[in-house]
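Whatever order the structure lists ligands and atoms in, that order sets their numbers, starting from 1. What you are looking at is a predicted structure, and each value in this text was computed from that prediction instead of being measured.
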Amino acid sequence: MKKVLFVTSEAHPLIKTGGLADVSGSLPKALAELSQDVRLIIPKYQALKISGELRYVCSLRVDNKNVKILETRMPGSPVTVWLVDYPGYFNYPGNPYVDELGEPWPNNAERFALFCRTVVEVAMDRVHQDWKPDVVHCNDWQSGLVPALLSLEYDRPSTVFTIHNMAYQGLFPGTTAATLNMPGQLMHPLGLEFHSMLSFIKGGLVYSDYITTVSPTYALEIQTPEFGYGLEGLLDHRKEFLGGIINGIDLDQWNPKTDTLISQNFTESTLSKKQVNKSALQKKMGLPVNGRIPLFGLIGRLVEQKGIDLILDSLPEMLTMPLQFVLLGSGDKAYEKLLEALAQSYPDKIALNIGYNEELAHSIEAGADIFLMPSRFEPCGLNQMYSQRYGTIPIVRKTGGLADTVVDALPHTIADNTATGIIFNEATAGSLLESVKRALLLYSNAEIWIKLQTAGMKKDFSWQQSAQRYLAVYNNL
Ligand code: ADP
Ligand code: GLC
């Protein structure tokens, strides 16, 4: 049995901005089911949704500040959660990373450096809990300084760093290193320096014992300039210690058979009941209720990564076709405005919800016929897996985890019942439009459509295999 300290800046259902929260909420549970002793550590943001008891663990002095550790449990699981409590940095409402205008909190470097330093104290059991992890598993740049700082410790635990997204690196002006009292041993171009700046993610990439990312395809992509953002050389250099492990999904939360957030439960043998969810979604979103018109869905952060510009460029032509489109998301204000204008001009075809809405996300997965995910890059992506589980056919671009989890509907894959979606190659509106047309053709053939839906719903997206792979990584350290 391994003792694992899982370090993350978000975890569902405590706090979520994207897929990292889904993974941090479900992978530790899956590891616990494999009899591992996993504890999660996360900042105590004001917006955390804690249910149940909160226990005081200890106080400690970190970088000249008084920090407290509190303890709770992951709702519905035995996993212990340690909260890093420093109100001056974390007791603010809203998003963990950005303010109401979408601008990064000005003291993010200080906030997450303090978090990392506290994690190091816990990892070395200088908090006297009689619990020293074998492995510290860090995730994304917010925890990147942990492997770096631990590398300076005698008798330290092993470290794993998981890249969920290379596009977010935690880059700060070079002078920040002094503000943060970063040890000089770490501050050089082969360490935390990146073009004279301080890079948090490099802490994970340079100093961790093993690096993982969230799909095999993305593991290869980030070793190229297009996806590596200047760190491809470093990743290539460390490729012996780099592997892709595909994310699983939480089968309890995303289960059309038991989902309490949708109008009508269904399974692959009662697929016709999915229609009830479609009508309910059309009604809720103010679209004409029509069982026959293909209903497209999209849920996600409205940022360049997600190919929102491709959608905007495709919409004029898409709107000439018989279809409806439901979109839920928030992000770049420019995208939000353009989408709002289109939704206002075509109220019978486009329904838009700008914001974050868990319940509506489930209703869209259950009610839509087709899910659009034309990402320019996608380390793993979760919605294409949720879609398949809900009999909603994903249209995805061939990149990262999308390429690894969707099987394109081609004559031979339809024939052997492995096809589950539609894949296109080029990040262009033309290529996306082609796949939309392909989807509409397939949709008009009920027999084939049901084949695709059934194959997707039967696919195994559970954490079981991937959790075993993480365990193998821990065991090999
Ligand atoms: P990323 O982590 O890049 O945002 P993923 O596909 O891995 O992309 O995960 C996104 C997660 O966040 C999914 O669970 C998705 O349902 C959820 N999500 C994204 N935007 C919203 C929103 N506006 N409302 C509700 N859930 C959302
Ligand atoms: C990131 C990626 C997404 C991935 C998620 C969880 O936010 O953008 O593709 O699914 O992390 O690993």
*Asks:* For ligand 2, which atoms sit closer than 4.0 Å to a heavy atom of G19?
*Replies:*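 Selected atoms, number and element: 5 (C), 6 (C).
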*Asks:* Are any of the N or O atoms of A361 closer than 3.5 Å to those of ligand 1?
*Replies:*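 No, there is no polar N/O contact under 3.5 Å.
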*Asks:* For atom 5 (P) of ligand 1, what's the nearest protein heavy atom and its distance?
*Replies:*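 The closest one turns out to be L382 N, 3.8 Å.
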*Asks:* Report, in ascending order of atom number, the atoms of ligand 2 lying under 4.0 Å from any heavy atom of G381.
*Replies:*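 Counting atoms of ligand 2 from 1, those under 4.0 Å from G381 are 3 (C), 4 (C), 9 (O), 10 (O).
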*Asks:* Counting each atom of ligand 1 from 1 as listed, which ones have a heavy atom of Q305 under 4.0 Å away?
*Replies:*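 Answer, ordered by atom number: 3 (O).
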*Asks:* Can you tell me the protein heavy atom closest to atom 1 (P) of ligand 1 and the distance?
*Replies:*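 Heavy-atom neighbour on the protein nearest atom 1 (P) of ligand 1: K306 NZ, 3.5 Å.
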*Asks:* Atoms of ligand 2 less than 4.0 Å from V214 heavy atoms?
*Replies:*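 Once the distances to V214 are compared, the set is 12 (O).
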*Asks:* Can you tell me which residue and heavy atom of the protein come closest to atom 2 (O) of ligand 1, and the distance to 0.1 Å?
*Replies:*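 Its nearest protein heavy-atom neighbour is G19 N, 2.6 Å.
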*Asks:* We want to know whether Y356 and E358 form a side-chain donor-acceptor pair, criterion being a heavy-atom distance below 3.5 angstrom.
*Replies:*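 A pair is found: one side chain offers a donor N or O, the other an acceptor, under 3.5 Å apart.
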*Asks:* Is it the side chain (CB and beyond), the backbone, both or neither of N247 that lies under 4.0 Å from ligand 2, heavy atoms counted?
*Replies:*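 Side chain only.
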*Asks:* Judged by modelled atom types alone, do Y218 and D404 share a side-chain donor-acceptor pair under 3.5 Å?
*Replies:*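 Per modelled atom types, Y218 and D404 side chains form no pair under 3.5 Å.
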*Asks:* Does any N/O atom on N165 come nearer than 3.5 Å to any N/O atom on ligand 1?
*Replies:*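 No, since none of the N or O atoms of N165 sits under 3.5 Å from an N or O of ligand 1.
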*Asks:* Could you tell me whether the side chains of Q253 and D250 share a donor-acceptor contact shorter than 3.5 Å?
*Replies:*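 Distance-only check passes for Q253 and D250.
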*Asks:* Look at K16 together with D22 and state whether they make a salt bridge at an N to O cut-off of under 4.0 Å.
*Replies:*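 Yes.
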*Asks:* Is it the case that T162 and T212 place a side-chain donor and acceptor less than 3.5 Å from each other?
*Replies:*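 T162 vs T212: donor-acceptor pair found between side chains.
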*Asks:* At under 4.0 Å between heavy atoms, which part of L20 makes contact with ligand 2: side chain, backbone, both or neither?
*Replies:*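 Looking at L20 and ligand 2, just backbone atoms fall under 4.0 Å.
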*Asks:* For V23, counting its heavy atoms only, list the atoms of ligand 2 lying under 4.0 Å from any of them.
*Replies:*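 Taking each heavy atom of V23 in turn, ligand 2 has 6 (C), 12 (O) under 4.0 Å.
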*Asks:* Which protein heavy atom lies closest to atom 12 (O) of ligand 1, and at what distance to 0.1 Å?
*Replies:*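 Heavy-atom neighbour on the protein nearest atom 12 (O) of ligand 1: K16 CE, 3.5 Å.
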*Asks:* Can you pull out the closest protein heavy atom to atom 24 (N) of ligand 1? Residue, atom name and distance to 0.1 Å, please.
*Replies:*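 Of every protein heavy atom, N357 N, 3.0 Å lies nearest to atom 24 (N) of ligand 1.
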*Asks:* Kindly indicate whether the side chain of I262, heavy atoms from C-beta on, has any atom under 4.5 Å from the side chain of Y390.
*Replies:*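 The answer is yes, as the side chains (C-beta and beyond) meet within the 4.5 Å cut-off.
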*Asks:* Do any N/O atoms on G355 end up under 3.5 angstrom from N/O atoms on ligand 1?
*Replies:*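 Min N/O separation from ligand 1 is below 3.5 Å for G355.
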*Asks:* What is the closest protein heavy atom to atom 12 (O) of ligand 2, and at what distance does it sit?
*Replies:*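 Result: H164 ND1, 2.7 Å.
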*Asks:* At what distance is the nearest protein heavy atom to atom 15 (C) of ligand 1, and which residue and atom is it?
*Replies:*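 Going by distance alone, atom 15 (C) of ligand 1 is nearest to N383 OD1, 3.1 Å.
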*Asks:* Examine the side chains of E10 and Y97 and answer whether a donor and an acceptor come within less than 3.5 Å of each other.
*Replies:*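 Per modelled atom types, E10 and Y97 side chains form a pair under 3.5 Å.
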*Asks:* Could you tell me whether ligand 1 has any atom less than 4.0 Å away from a heavy atom of A21?
*Replies:*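 The answer is no, since A21 has no heavy atom less than 4.0 Å from ligand 1.
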*Asks:* Enumerate the atoms of ligand 2 whose separation from the nearest heavy atom of N165 is less than 4.0 angstrom.
*Replies:*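 Counting atoms of ligand 2 from 1, those under 4.0 Å from N165 are 8 (O).
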*Asks:* Does ligand 1 have an atom under 4.0 Å from some heavy atom of G300?
*Replies:*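 Under 4.0 Å: yes for G300.
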*Asks:* In ligand 1, which numbered atoms sit nearer than 4.0 Å to a non-hydrogen atom of G329?
*Replies:*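 Here the atoms of ligand 1 in question are 23 (N).
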*Asks:* Provide, to 0.1 Å, the distance between atom 26 (N) of ligand 1 and the closest protein heavy atom, together with that atom's residue and name.
*Replies:*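 Of every protein heavy atom, Y356 CE1, 3.4 Å lies nearest to atom 26 (N) of ligand 1.
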*Asks:* Please could you name the atoms of ligand 1 that R301 approaches to less than 4.0 Å, counting only its heavy atoms?
*Replies:*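 Close to R301: 1 (P), 3 (O), 4 (O).
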*Asks:* Could you tell me if E365 and S387 have a donor-acceptor pair between their side chains, going purely by distance under 3.5 Å?
*Replies:*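 The answer is yes; a qualifying pair exists.
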